[in-house]
Each structure stands twice: as structure tokens, then as C-alpha cells.
*Asks:* 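Mind looking over this structure? Questions follow.
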Amino acid sequence: MASKLLLSQLRNITRPTHHRLINPNFIFPLKNQTLIHSRPYSDAPQPPPVGSKPPPTNADSAPTHKKISSSLNQAELAKFSAIAETWWDAEGPFKPLHVMNPTRLAFIRSTLCRHFGKDPYSAKPFEGLKFVDVGCGGGILSEPLARMGATVTGIDAVEKNINIARLHADLDPGTSSIEYLCTTAETLVEEQRKFDAVLALEVIEHVAEPAEFCKSLSALTVSGGANVISTINRSMRAYATAIVVAEYLLHWLPKGTHEWSSFLTPEELVLILQRASISVQEMAGFVYNPLTGKWSLSDDISVNFIAYGTKNIE
Amino acid sequence: MNRAIVRRITPNIRTWRSTLKTFCSDTSEKLHGSDGDKAVTVKSSSLDSTDNVPQYDVAIVGGGMVGMALACSLASMPLTKHLNVAIIDSNPALLARDNIKKEDAPDPRVSTVTPATISFFKGMGAWQYVQLHRHAFFDRMQVWDYTGLGYTRYSARDVDKAVLGCVVENKVLQRSLLSCMEDSDVKKKIYPSRLNSMTLHKSSLLSGTDSISSEPSGSLAKLNLSDGDCLYAKLVVGADGSKSHVRKLAGISTTGWKYPQNAIICTVEHTEDNRCAWQRFLRTGPIALLPMGDNYSNIVWTMGPQQAADRRSMNEADFLKAVNDALDDGHGPHPQSERIGDGGILAWLRSDETSSASEHFEVPPRITKLASDRMVFPLSLMHANNYVSKRVVLIGDAAHTVHPLAGQGVNLGFGDANSLSRVIAEGVAVGSDIGEMALLKRYESERKAANIAMMAILDGFQKAYSIDFGPLNVLRAAAFHGVNYISPLKKNIISYASGEQRLPLFT
């Protein structure tokens, strides 16, 4: 079904008059991008189209905190509910992320407890710390961090994700204090916001300019703060597992979720972080055991890896 | 296909919102049109609790031994100490403050706790309370049957331990766990009523809109109690016994069958000190004599329902005679204390022999007095097909019941409580919602395999000993001898029954 859609979109490009059966909005992603970069089935934030202007920053777009829950009426909530369930559907297209989540949280918990000198046996070790989850999606990472006591701000460039995240976070009083913003890291930098820890998990491979992105992440971190970045290695093994097996054979991820060419090797990541005044302290890999169906932390960084770094003290 | 629908609806949502703006004239809740370029902040108002329904993290339905063990275990771990726990049980003993006196006659309802359970209690800091009351360690065990063809003796020294187990009254265990919890500063509340009904809201974004907006805690479980109270909980633990109401409300089906046997339990007195556990398999079922200390012992005698009713109603003298017959040489001869043979082809077997293999057959102590009422219980095997459901988890007898022939029933329940509290701690450590299925499924996969293995073995024993057939009797006798003299097998059995091993394999 997905391939039929792609074929019909291709046909629409060549024959623009014959799109009566397909909503014109479908070919929107292809207008400004060449086909090779199009990822119509990806829910991840799309890189800005080549050659387009950066989003206009005028006074109107300064984000103000709005109460949204009481102005949405019941019918609209129902519409959101109908379409937004897949983020939090643990068996849906985001299943690998849900299964991997406890493992990466274990790494985050141990490194950040050590960094901030907090008691690792406390139930809420991050009390009083400000975290930002860049590219938060539906809030899969933000919610556990909030339950661990942190004051979390989740940002994502796709507004649909922010709405889903808001709806879900409001269900649990422990997570309803998360601040979700539909914005980019660059905009937050312009607002001069600072955080004790900046986390960008599985985001940097979807960004057009990783080096600039890392500079923004660094600008968001207070001096001496922590950064956690996770991504996929640009290795042959990663191509075989994360793209061929995960997308085409096992259908864990929708096809086109990842581009092998935008993966970063650990060395490149360390280098661009260094240039952004972040020194990487620890790195770990995630390994999947197909027999038990569990992810675990390991030294093997050839496919998925996560890096913890500290912002140099200025 | 989903994405086709998504793309189709999204532009419609945008038009919806712009029409909404005209309706909602409240200026404080304006919504920007969403183009992804402009920053739209979505922050909900702080949740004011419109209803004063108390919210708990864990609601344990059933304040018996296993439910209290879970509560106590959560109270003893630093990661879970802060959780709000509600215990729902209408048993007045939970709120009573009177202590168990030493002069009380021993209650016939006792449990044999294995060394694994003892270390679980010690880890929680509850064993010190058990030690204040009557409890009896035993380090020897003898098992034989009515045919007199073989016997097995076990000793704690075979596995280099001091005890094989400890026999404690159920009320002592329950009271010790309660005292341990009260001494810790965990936030708990005991609700002295029964659970009436439970509403489990479906997965957040799939449910209808009214449940999201009308209740801020839309994804919690709501429990309605029989005295009109209600409360919310993130996780509901069903620890309410084999006829579990929580299990029925959660719609979890069970597999199992009734055994054609009932068990009589009572406490008896004898003249000599007893530090050995005795079990003799008769034609109708096993009789077990478990030491309780102070010359008391507990009898668990399994037999057919009619015979159980008869034995319960017969007078004390006749009953004691029946018991002594059952333990001694009524129903069949004593086994001979033979050795396999000194020297010969089997001499190599004895190089690694356990000390108990050289012990002779002993006759159990003579029972002189009945010290309590006789109680009769029906026996059955039951296993819940799932231990978990959305926000509900079953532990203890609510999840499984077994035949008492090996004293494992409540120990399996304590194993469940131990495992669940560890899984909850791991969940809290990584900030997960403790009621989510992925976490609960981890508990299920840990315990299901272990419980099913133990249940299968116990059921096998029950079936094997209920047939009186010549060749099968000889086979059972051979099994007795085999276990007695083959030391790796004996050591494996002891450590499996002591709970040190999760599965009965040679690991």
C-alpha cells in the first residue's frame, strides 16, 4: 500500500493534472525537495528544504505559554486521538523505540547522576535540574525524565508530535508539568534559554547540518552542563541492520526513516562536539538480542551508540 | 494506509481550529494557526483535582502474607520507599493492635518457609519480628510410602546448610510483615473493606474523549470499595487468594483442575522433641508431620473428601489412633534400612555420598494429644493464563495454587512478591509508569516459567502417588532409593525445593 502511494505520487509529478484521487497535500513534501531526499513516510522532523529561507523570526512568533486544554472541544480531542495513537502504541511503528527506551534511560541515569553528583538510589535524582529533550517526538524520553524529578522542556519541529505529547503527558499528574514547545533548537538559542542537560536522542541523523545543530545544543547548555546524543553509526553493519533488516525485512520502522548517508561515525560526532565546546566523556552502544528480544548496553558502538559529553567550562 | 488517512485529516484539523477560534472568544486561550514555522506552545493548565479521590501508586488488594510481603518489600527498598501504597482487606486482624501471645495455642494454619523465603524476609528486615514468636527450624526430612519398599532421608548438611526450612504460623508471618512496615516510614493506608469493582481506563489516546477531559487521571485504575470509598491507583496488585476477585474483574482466565482430595490440618502434641519433617505417602494421599517447636507439630493429611469429613468428625482418641497408624506401621510395613551393598559394582556410587544416605529409617514420634481444631480444605491446581493485564498484576494464590505435598505454595507466592517488587524498582529507576504492560510483562516472564515448572513437578508427584499398581510401586521404590543414594540428584532436589534454584535443571 505504501509503495502504491509512492508510485502514484511519482506519477503526479510527471502528470500534475491527474491528481483528482489524491489530496494535493500529499505531494507537498516533494515540492521543494528532490526525490532522493524525500521521505514522505517519516515522522521525524524533515530537514529544511534546500535553498529555502530560515523561518522568519518576527515578534509575533515569540512563543507564549498558552493553556490549550480547555479551548479544545471534545470533537477535536477525538480527532487528535484517532490519528495520534501510533506514537504511544507500544506495538506500532514506534515499537523499537519503546523497547530500547529503558536501556538508554539506564545510561542517561547513570551518567547524569554521576555528572551532577546525585544519589543513584534516589527515586527522583534529577530534582531541581532543567533538561531539554530536543526532538522529543511523542515524549517517550521526556516523560520518564520528568518522573525522575527533572524539569523537562520537550521541543520538536513537527507540531503533530507536540500535540500528541501534550495529550499523553496530561494523563499522568507526574508528567503534566512537562513544557512542550513546537520549535527548533536554534529558536531556543535565540531566546537565550539555558539548561543543565541537553538531550538529543536519535535526532542528529535527521538534521541537515549536524555541526550547526551541535553548536545550537552547546549554546543551550549551561557551562559545565551535560549533553547526551544518540544516533546510528555510519558503518556497513548499521546499513545491514538498521536499514535493510529493520526497515525492509522486519518492518520495524517505516521505509525511508533513516538515510545511511546522514549517519555519523563516533569519531565525527566527537569531533563536531569538540568544535562546539563539548567534550565527550563516555560512549556506549546498544545491542539487540534477538533471542530474548531485549536491548542492552555494551561496548559495541558499530550500530546504535549514545554519547555523554560535558560542556566546557568557560 | 494510516498515513494516507493522517494526511487527509490534517488539513481538515487546521480548518476546524480556525473555525473554533471564532467560537471561543476567551482571549487567554488563543490558538495560533499551525504552520510549523510559527512556534505554537502547548501547555496545559495545572491539574486541579476536581474530585478528592485519593491517588495511590500501588493498590494491593488482599492483605494476606503475600500481599503484605510485597508491601513490605517495596517499603524496604530505597527506590520504592516513596511510593504510596494502599492495602485493601476487610480482615479486622490487620488493624488490630493486640500482639500474638506466647501462651496461645498454636494455630493449625502454618506454612513451611524455604531458605530462599527466609533470606527474602531478612533482606526486608522482617525476619527479626518472626523470631519474636514461635517458629521452628528443621534440618532433616524423611519421605517414604505405605509399600515399605523404600525411603529417602534429606539433611541440610547435604548441601552444607544449617536448615532445610522453618515452620511458622501464618498469622505470625502476617503480623511480622505488618510490624516491619509500620516501623518503616512508608506511606501506606489500610482500607478495611472489600473491593467491589474496578474501572480500568483504556490506553490513553484510544479512549473516548469524555474520559480524557473529565478526569485528569484518565489513565489510572479506579477502585470502588464496598464501604463506598474509591481510590485511584497506577498499579493494582491482586493478592487476594485463589478465588481472586481482582482476577475476575480483570478478565483473566485460569486453567486447572480440582484434586479428588481434601486436606485435614491440625496441631498435635508429642512427647519427644521433633526437628525433622516427616512425610508418608498413603494410598489416599500423603500425611505430613511438621515440627513447630515446644513438642508441637502440625499435621497435613490429604485424603478423599468423604474420609476427610469422617476423620474430622470422629472423636479425639480415634483420630489420634488413625494418625499414629498413618505415621507408623498402619497401612503397610516400615521400610528396611538396607544399603545397596558394600563393595561390588556399585561401590563407585558411594564415593560422593551425602551424609543422610547413611542414616537409617526412623519412626516418627508418637502423637499424644490433639492441640487444636481440625480444619478441612479442598485441594486444587490452578494457574492463571496471564499474570498481568493493563494495570493489573496477580501474585500468590491469585495466580497459582498447588498441592501442599511439598510445602511450596506460599513460597511461590513470596517468590512472586520478591520478583514484582524488584521489577517495580527497576521501572522507577528508569522513570517508567509502573502500570505499563512492558514492565509487568517482565515480571510475568520471570515468574511464569518458574511457577509452571514447580506446578508440573508437584502435579506429577500427586498423580504418581495416587495409583496403587504393583510395577508402579516398585518404580517409586526405585526412585526413593535412587534419590537417597545418588547425591547429585539429592543435592539438586534439596536446592530446588529450598528455592535457591529457579528451575529444576542441573545448572
Side-chain angles (χ1 to χ4, degrees), chain A residues 1-2 5 23 25-26 41 55-56 60-61 63-71 73-79 81 83-86 88 90 98-99 102 105-106 109 121-123 143-148 157-160 162-164 166-168 170-173 176 179-183 187, chain B residues 1-13 16-17 20 23-24 26 28-31 34 36-47 55 78-83 203-210 212-213 216-220 234 426-433 436-438:
Chain A
M1 200 164 298
L5 209 47
N23 192 312
N25 283 331
F26 277 118
Y41 309 113
D60 286 336
S61 69
T64 47
H65 302 294
K66 300 272 193 297
K67 281 201 291 198
I68 198 172
S69 48
S70 43
S71 69
N73 80 359
Q74 309 303 322
E76 193 161 58
L77 278 178
K79 284 221 161 27
S81 311
I83 61 169
E85 64 180 71
T86 58
W88 284 99
H98 281 276
V99 181
L105 280 162
R109 187 194 168 93
Y121 287 111
S122 146
E143 289 195 11
L145 289 176
R147 288 198 193 98
M148 288 199 247
V158 177
E159 203 227 331
K160 183 174 68 153
I162 294 292
N163 293 330
I164 300 160
R166 181 80 268 154
L167 281 175
H168 196 268
D170 285 340
L171 294 172
D172 180 356
S176 55
E179 182 192 9
Y180 282 116
L181 306 168
C182 182
T183 174
T187 319
Chain B
M1 176 73 117
N2 283 341
R3 284 178 211 281
I5 298 172
V6 164
R7 304 260 159 159
R8 235 171 273 239
I9 293 176
T10 324
N12 298 337
I13 296 271
W16 258 94
R17 279 238 210 90
L20 263 182
F23 292 143
C24 308
D26 194 351
S28 64
E29 279 132 28
K30 263 199 304 223
L31 228 67
S34 44
D37 281 355
K38 291 213 183 102
V40 171
T41 67
V42 182
K43 186 176 177 187
S44 80
S45 53
S46 61
L47 289 166
Q55 256 189 36
L79 279 171
T80 51
K81 275 211 294 247
H82 66 289
L83 294 177
S203 155
S204 50
L205 301 169
L206 289 173
S207 56
T209 51
D210 9 17
I212 293 182
S213 52
S217 29
S219 70
L220 299 181
K234 284 193 189 144
E426 284 167 18
V428 168
V430 288
S432 5
D433 179 6
E436 68 181 10
M437 279 295 269

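The basis for the numbers below is simple: all heavy atoms, side chains too, and nothing from hydrogens, waters or symmetry mates. Lettering follows sequence order; numbering is per chain, from 1. Note that the structure is predicted; figures quoted are calculated from it, not measured.
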*Asks:* Quick check: closest heavy atoms across A106(A) and V430(B), and the distance to 0.1 Å?
*Replies:*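 Closest heavy-atom pair between A106(A) and V430(B): N-CG1, 3.8 Å.
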*Asks:* If every non-hydrogen atom of A123(A) is compared with every non-hydrogen atom of H82(B), which pair is closest and at what distance?
*Replies:*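 Shortest heavy-atom contact: CB-CE1, 3.0 Å.
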*Asks:* When rounded to the nearest 0.5 angstrom, what is the spacing between CG in L220(B) and CG in D172(A)?
*Replies:*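 It comes to 6.5 Å.
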*Asks:* To the nearest 0.5 Å, tell me how far E436(B) CD sits from W88(A) CH2.
*Replies:*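 Answer rounded to 0.5 Å: 8.0 Å.
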*Asks:* What residues, two or more places apart in sequence or in another chain, satisfy side-chain hydrogen bond (donor to acceptor under 3.5 Å, both in side chains) together with K234(B)?
*Replies:*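 Partners of K234(B) by the side-chain hydrogen bond (donor to acceptor under 3.5 Å, both in side chains) criterion, ordered by chain and then number, come out as D57(B).
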*Asks:* Where on A429(B) is there a heavy atom nearer than 4.5 Å to chain A: the side chain, the backbone, both, or neither?
*Replies:*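 Both the backbone and the side chain of A429(B) come within 4.5 Å of chain A.
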*Asks:* Does the pair D433(B) and R147(A) meet the rule for a side-chain contact (heavy atoms from CB on, under 4.5 Å), with working shown?
*Replies:* CA-CA 8 Å; D433(B) 179 6; R147(A) 288 198 193 98; 3.6 Å; yes
*Asks:* With sequence neighbours excluded, tell me which residues meet salt bridge (charged side-chain N to carboxylate O under 4.0 Å, His left out) with R109(A).
*Replies:*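 R109(A): no salt bridge (charged side-chain N to carboxylate O under 4.0 Å, His left out) contacts found.
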